[in-house]
K.L.:
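Please find one structure pasted underneath; my questions will follow.
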Amino acid sequence: MSAPSMTNCVAEALVGYRMRARISQEELADKAHLSVRAIRNIERGYTRYPHISSVRRLSVALDLNDDERTLLLQSVDRPFAIHRKI
């Protein structure tokens, strides 16, 4: 099984913001109160739809401004829910 591609928007955005902040995955995990594995999985595209609460923690830990925070949250491109029969 091959690794997912980096076409995942949230992955690209997170890597970019982390690199700009010049912090390691370990430092970001500590600041965001997430595991290093969670950060790594998001950045590698293994976690395509991270929890919104995790993305919010990351935006605070990265000290993103309002526009950047909005863009990061919007990059979690969740598919629409499938209608279910009741």
Side-chain angles (χ1 to χ4, degrees):
M1 182 175 188
S2 63
S5 70
M6 277 297 290
T7 58
N8 185 315
C9 291
V10 70
E12 292 175 2
L14 182 57
V15 170
Y17 289 135
R18 184 175 61 77
M19 290 292 146
R20 186 185 71 187
R22 298 177 187 222
I23 59 174
S24 67
Q25 290 177 337
E26 292 79 9
E27 291 168 313
L28 179 56
D30 187 50
K31 289 175 115 179
H33 304 287
L34 296 170
S35 69
V36 175
R37 183 177 183 179
I39 304 293
R40 187 175 300 126
N41 286 344
I42 295 169
E43 287 190 356
R44 289 182 178 171
Y46 292 127
T47 303
R48 292 186 55 198
Y49 308 113
H51 291 274
I52 295 299
S53 61
S54 297
V55 178
R56 285 189 182 119
R57 288 185 202 178
L58 291 166
S59 68
V60 170
L62 290 165
D63 197 27
L64 301 182
N65 66 38
D66 290 340
D67 291 336
E68 294 167 335
R69 182 174 294 118
T70 299
L71 286 172
L72 186 61
L73 287 166
Q74 289 175 345
S75 71
V76 181
D77 189 22
R78 292 185 179 273
F80 289 106
I82 297 173
H83 297 287
R84 49 185 190 152
K85 295 180 181 179
I86 300 177

K.L.:
Side-chain atoms of residues 27-39: list all donor-acceptor pairs with protein atoms under 3.5 Å, sequence neighbours left out, distances to 0.1 Å.
P.N.:
residue: E27; atom: OE1; partner: S24; partner atom: N; Å: 2.7
residue: E27; atom: OE1; partner: S24; partner atom: OG; Å: 3.3
residue: S35; atom: OG; partner: A38; partner atom: N; Å: 2.9

K.L.:
Would you say that more than 12 heavy atoms from the other residues, nucleotides or ligands in this model lie under 6.0 Å from the CG of D66, or not?
P.N.:
no
K.L.:
Under a 3.5 Å distance rule, please check whether R69 uses its side chain to pair with a backbone N or O of R56 as donor and acceptor.
P.N.:
no
K.L.:
Between L62 and R18, what is the shortest heavy-atom contact and its length?
P.N.:
CD2-CA, 3.8 Å
K.L.:
Which residue is it: N41, I42, L14, L58? I am looking for the one with a side-chain contact (heavy atoms from CB on, under 4.5 Å) to P50.
P.N.:
I42
K.L.:
Considering only heavy atoms from C-beta outward, does the side chain of V60 approach that of R57 to under 4.5 Å?
P.N.:
no
